[in-house]
Novice: 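Take a look at this one; I'll ask things after.
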Amino acid sequence: MAKKHSLSAHQKILLLLSTLILGVGVSGLPEHAAALFDKPAEIAAPTPAKTPETPDASPPTIPLVAVPEPDPVETYRIREGDTLSGIFDDREIPASDLHKLLVADAEFLSLETLHPGKTLTFEFDENEDLEKLTLHQDPAREVVFERQPDGEFAHRQVEAETYWSHEVRLGTIQRSFYHAGMEAGLSERQVDELGRLLKKRIDFRRDIRKGDPFSVLIANEMTGDQRTGRYRIEAVTLSAGGHETNAFLYTDGNYYDDRGESILPAFRRWPTARHYRVSSPFDRNRLHPITGRVSPHYGVDLATPVGTSVLGTGDGVVTRVGDHPYAGKYVDIRHNGSLSTRYLHLSRVLVNKGQRIKRGQEIARSGNTGRSTGPHLHFEFRIDGRPVDPMTADIPTAAQVPPDELEGFEALAHKRLTMMNVSTNRARVHAQSTGPQNGGES
């Protein structure tokens with residue numbers, strides 16, 4: 001039997017070293033070269049076990065998640081029950097910015113009442129601080145509050161071009177003037193205004209008869225092809241019991257009949273029983289006495305002692321009652337036609353929102369509430385929403401159209417009557433052309 005060759009210890013060591021060197025060399029060869037050897041490339045020398053002293057040179061890759069940039073502009077539609085402080089809290093806008101906005105809005109009260117459906121636009125800078133706030137009041141108007149270099153906000157009114165478009169509403173009384181007005185397409189507010197306008201001339205319970213016709217001329221404010229929501233009733237004619245009553249809106253904001261006599265009681269120019277000193281006049285470019293900033297003063301300040309009776313300057317309806325941190329306690333009143341008044345810094349309010357008031361009725365007591373340099377009454381008068389100087393403006397303080405303006409008033413009244421009569425004739429022609437056919441009575 002053949003004898004097996006035995007290796008010496010020295011030979012065994014040499015063979016082991018050769019194997020190790022060969023294994024390392026093969027593992028470093030390219031894949032096609034490693035295939036020439038008995039051992040495949042994928043089972044090359046094992047990787048040493050990891051230890052805390054030998055950290056992994058290639059840590060696992062963590063996927064990057066894109067973080068969205070904050071939107072610099074956000075628009076919010078106001079909902080029922082919203083408050084300005086709540087809207088600001090939701091956006092983490094600091095209360096200090098809200099206070100600065102209220103300071104800038106003290107002369108205007110644009111932000112005091114939030115109407116559902118209106119929108120607010122917030123614009124933020126690169127630090128996510130509020131830079132601009134815009135209140136979109138209607139399709140033609142925006143109120144903009146912009147941050148100034150000193151950190152305060154400034155108020156700016158932006159208005160698009162507008163014009164007035166006329167429409168005539170015709171009706172015939174069957175049940176009541178209210179129902180007839182609604183069926184003619186008038187709004188509830190418009191019917192209410194007409195009732196208050198004509199009640200001095202017509203007893204709606206005793207004078208109205210079934211079949212009495214009426215016509216109403218309404219001017220709607222437009223911008224482009226959109227209505228802004230503002231309107232004015234320019235004329236109305238109502239035949240009650242065979243007697244025709246007409247009312248025409250004149251340039252002073254009051255209504256007069258076809259003879260130029262006032263339909264409503266004349267306005268008071270002063271909201272107090274006596275004439276107090278004007279401590280700050282109407283001024284569109286006034287320097288504010290506290291902030292030193294140019295801030296329009298859209299009313300007059302009367303130096304009234306605290307507790308002085310404040311009187312409504314004309315018949316109307318209370319539209320707002322509030323307590324503003326800077327304007328103080330205040331009252332807004334809408335009068336017939338396009339007139340409204342406002343009273344600020346009151347110590348006490350004696351009327352409620354929605355209440356009807358009479359000319360000369362006590363509505364409040366003057367005071368020193370809000371931000372004020374001393375006791376006074378701030379009084380505003382507006383025509384078509386635009387502030388005018390109540391001490392000098394052409395407001396209806398007379399019981400009839402002045403004699404030197406009567407000819408112009410009569411021409412205006414004739415033009416409006418013609419517009420309503422044309423619509424009435426068209427309605428009659430239409431009714432006849434669409435009446436019963438086949439020999440039926442029309």
Novice: Which pair of heavy atoms, one from L197 and one from A247, lies closest together, and at what distance?
Specialist: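 The pair with the smallest heavy-atom distance is CD2-CB, 4.1 Å.
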Novice: Say whether, by atom type as modelled, one donor and one acceptor occur between the side chain of T83 and the main chain of G86 under 3.5 angstrom.
Specialist: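 Checked: pair present.
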Novice: Are the ring centres of F153 and F145 closer than 6.0 Å?
Specialist: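 That pair fails the under 6.0 Å test.
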Novice: A106 and Y326: which non-hydrogen atoms are nearest, and at how many Å?
Specialist: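 A106 and Y326 have their closest heavy atoms at CB-CB, 3.6 Å.
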Novice: When you check the side-chain N and O atoms of Q157 and Q137, is any donor under 3.5 Å from an acceptor?
Specialist: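 The answer is yes; a qualifying pair exists.
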Novice: Taking all atoms of both residues into account, what is the closest heavy-atom pair of A240 and I208, and its distance?
Specialist: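 Nearest pair, atom of A240 first, then I208: CB-CD1, 4.1 Å.
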Novice: Looking only at non-hydrogen atoms, find the nearest pair between A393 and V388 and report the distance.
Specialist: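 Of all heavy-atom pairs spanning A393 and V388, the closest is CB-CG2, 3.6 Å.
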Novice: Who are the side chain to side chain contact (heavy atoms under 4.5 Å, CB included) partners of H136, not counting sequence neighbours?
Specialist: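 T119, T121, T134, E142.
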Novice: Aromatic ring centroids of Y343 and H378 under 6.0 Å?
Specialist: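 Between Y343 and H378, the centre distance exceeds or equals 6.0 Å.
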Novice: In chain order, what residues pass the salt bridge (Lys or Arg N to Asp or Glu O under 4.0 Å) check against D323, with sequence neighbours excluded?
Specialist: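 Partners of D323 under the salt bridge (Lys or Arg N to Asp or Glu O under 4.0 Å) test: K329.
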Novice: Do Y178 and E188 have side-chain heavy atoms sitting under 4.5 Å apart?
Specialist: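 A side-chain contact under 4.5 Å exists here.
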Novice: Just wondering, more than 12 heavy atoms not from H414 lying within 6.0 Å of its NE2?
Specialist: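 Counting other residues, nucleotides and ligands, NE2 of H414 stays at 12 neighbours or fewer.
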Novice: Using ring centroids (six-membered ring only for Trp), state whether F122 and F88 fall under 6.0 Å.
Specialist: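 Here the rings of F122 and F88 have centres that are less than 6.0 Å from each other.
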Novice: With distance as the sole test, does Q190 use its side chain to make a donor-acceptor pair with the main-chain N or O of S187 at under 3.5 Å?
Specialist: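 Yes, because the side chain of Q190 sits within donor-acceptor range (under 3.5 Å) of the backbone of S187.
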Novice: Assess whether a salt bridge exists between E152 and R147, defined as any Lys/Arg side-chain N lying under 4.0 Å from an Asp/Glu carboxylate O.
Specialist: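 Salt bridge flag = no for R147 with E152.
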Novice: List in chain and number order the residues that pass salt bridge (Lys or Arg N to Asp or Glu O under 4.0 Å) with R416, two or more places apart in sequence or in another chain; answer none if no residue qualifies.
Specialist: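 R416 satisfies salt bridge (Lys or Arg N to Asp or Glu O under 4.0 Å) with E234 once adjacent residues are dropped.
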Novice: Run the ring pair (Phe, Tyr, Trp, His ring centres under 6.0 Å) check on F267 and H335 step by step: do they pass?
Specialist: CA-CA 10 Å; F267 268 74; H335 306 278; 5.0 Å; yes
Novice: Does some side-chain heavy atom of R359 sit less than 4.5 Å from a side-chain heavy atom of T313?
Specialist: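 SC-SC contact between T313 and R359 ruled out.
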Novice: Determine which pairs satisfy salt bridge (charged side-chain N to carboxylate O under 4.0 Å, His left out) with at least one residue from residues 214-227, sequence neighbours left out, and list them in order.
Specialist: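 For residues 214-227, and leaving out neighbouring residues, the salt bridge (charged side-chain N to carboxylate O under 4.0 Å, His left out) pairs sorted by first residue read R141-E221, E167-R227.
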Novice: Nearest 0.5 angstrom please: W164 CH2 to M222 CE, how far?
Specialist: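 Result: 11.0 Å between the selected atoms.
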Novice: Quick one, R77 and K118 - any side-chain contact, counting heavy atoms below 4.5 Å?
Specialist: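 A side-chain contact is absent here, since even the closest heavy-atom pair is not under 4.5 Å.
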Novice: Quick check: F177 with F204 (ring centres under 6.0 Å apart)?
Specialist: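 Yes: the rings meet the under 6.0 Å criterion.
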Novice: Taking the basic N atoms (NZ, or NE/NH1/NH2) and the acidic carboxylate oxygens, is any pair closer than 4.0 Å for K353 and D332?
Specialist: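 Answer for the salt bridge query: no.
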Novice: Please confirm whether the backbone N or O of I233 pairs with a side-chain atom of Y255, one donor and one acceptor, at under 3.5 Å?
Specialist: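 Looks like yes, one N/O pair under 3.5 Å.
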Novice: Whether the side chain of Q355 engages the backbone of N352 through a donor-acceptor N/O pair (distance < 3.5 Å, no angle test) should be reported.
Specialist: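 It does hold such a pair.
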Novice: Got a salt bridge between D192 and R356, using NZ or NE/NH1/NH2 to carboxylate O under 4.0 Å?
Specialist: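 Salt bridge: yes.
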Novice: Looking only at atom types and distance, does a side-chain atom of S279 sit under 3.5 Å from a main-chain N or O of D301, one as donor and one as acceptor?
Specialist: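 Side chain of S279 to backbone of D301, a donor-acceptor pair under 3.5 Å: yes, one is there.
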Novice: Between T308 (side chain only) and T304 (backbone N and O only), is there a donor and an acceptor less than 3.5 Å apart?
Specialist: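 Looks like no, no N/O pair under 3.5 Å.
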Novice: Between E112 (side chain) and L109 (backbone), is there a donor-acceptor pair under 3.5 Å?
Specialist: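 Between the backbone of L109 and the side chain of E112 there is no qualifying donor-acceptor contact (under 3.5 Å).
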Novice: Is there a donor-acceptor contact under 3.5 Å linking the side chains of R382 and T341?
Specialist: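 The criterion, which ignores hydrogens and geometry beyond distance, is not satisfied for T341 and R382.
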Novice: Below 4.5 Å, heavy atoms only, C-beta onward: do N246 and E244 meet side chain to side chain?
Specialist: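 Counting from C-beta outward, N246 and E244 do come under 4.5 Å.
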Novice: To the nearest 0.5 Å, tell me how far T245 OG1 sits from I263 CD1.
Specialist: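 Those atoms lie 7.5 Å apart.
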Novice: Would you call L120 and L133 a side-chain contact if the rule is heavy atoms closer than 4.5 Å?
Specialist: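 Yes. Closest side-chain heavy atoms under 4.5 Å.
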Novice: Restricting to salt bridge (Lys or Arg N to Asp or Glu O under 4.0 Å), what partner residues turn up for D315, sequence neighbours left out?
Specialist: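 With sequence neighbours excluded, D315 shows a salt bridge (Lys or Arg N to Asp or Glu O under 4.0 Å) to no residue whatsoever.
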Novice: Between N127 and D129, is there a donor-acceptor pair closer than 3.5 Å when you use the side chain of the first and the backbone of the second?
Specialist: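 No, the answer is negative, given that no donor and acceptor are paired below the 3.5 Å cut-off.
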Novice: Has the side chain of R269 got a donor or acceptor atom that lies under 3.5 Å from a matching backbone atom of P390?
Specialist: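 Pair found, side chain donor or acceptor close to backbone of P390.
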Novice: How would you list, by chain and number, every residue that makes a salt bridge (Lys or Arg N to Asp or Glu O under 4.0 Å) with R189, sequence neighbours excluded?
Specialist: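 Here the qualifying residues are E193.
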Novice: Kindly check if the number of other-residue, nucleotide or ligand heavy atoms within 6.0 Å of CZ (R91) is above 12?
Specialist: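 For R91, atom CZ is crowded (more than 12 foreign heavy atoms under 6.0 Å).
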Novice: Taking C-beta and beyond as the side chain, do M182 and H179 meet within less than 4.5 Å on heavy atoms?
Specialist: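 No, too far: nothing below the 4.5 Å cut-off.
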Novice: Within a radius of less than 6.0 Å around CD of E261, do more than 12 heavy atoms belonging to other residues, nucleotides or ligands occur?
Specialist: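 For E261, atom CD is crowded (more than 12 foreign heavy atoms under 6.0 Å).
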Novice: Evaluate the side-chain proximity of D105 to E107: yes if any heavy-atom separation is below 4.5 Å, no if none is.
Specialist: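 No. Closest side-chain heavy atoms not under 4.5 Å.
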Novice: Quiz question: by atom type and distance under 3.5 Å, do the side chains of E362 and S309 form a donor-acceptor pair?
Specialist: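 Per modelled atom types, E362 and S309 side chains form a pair under 3.5 Å.
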Novice: What I'd like to find out is whether the side chain of L350 reaches to under 4.5 Å of the side chain of R348, using heavy atoms alone.
Specialist: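 Side-chain contact under 4.5 Å: yes.
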Novice: With distance as the sole test, does H324 use its side chain to make a donor-acceptor pair with the main-chain N or O of G322 at under 3.5 Å?
Specialist: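 No.
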Novice: Could you tell me whether R259 and D257 make a salt bridge, using a distance below 4.0 angstrom between a side-chain N and a carboxylate O?
Specialist: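 Counted as a salt bridge, because a side-chain N and a carboxylate O are separated by less than 4.0 Å.
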Novice: Does either side chain, that of Y76 or that of D82, offer a donor lying less than 3.5 Å from an acceptor on the other one?
Specialist: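 Yes - a donor-acceptor pair under 3.5 Å links their side chains.
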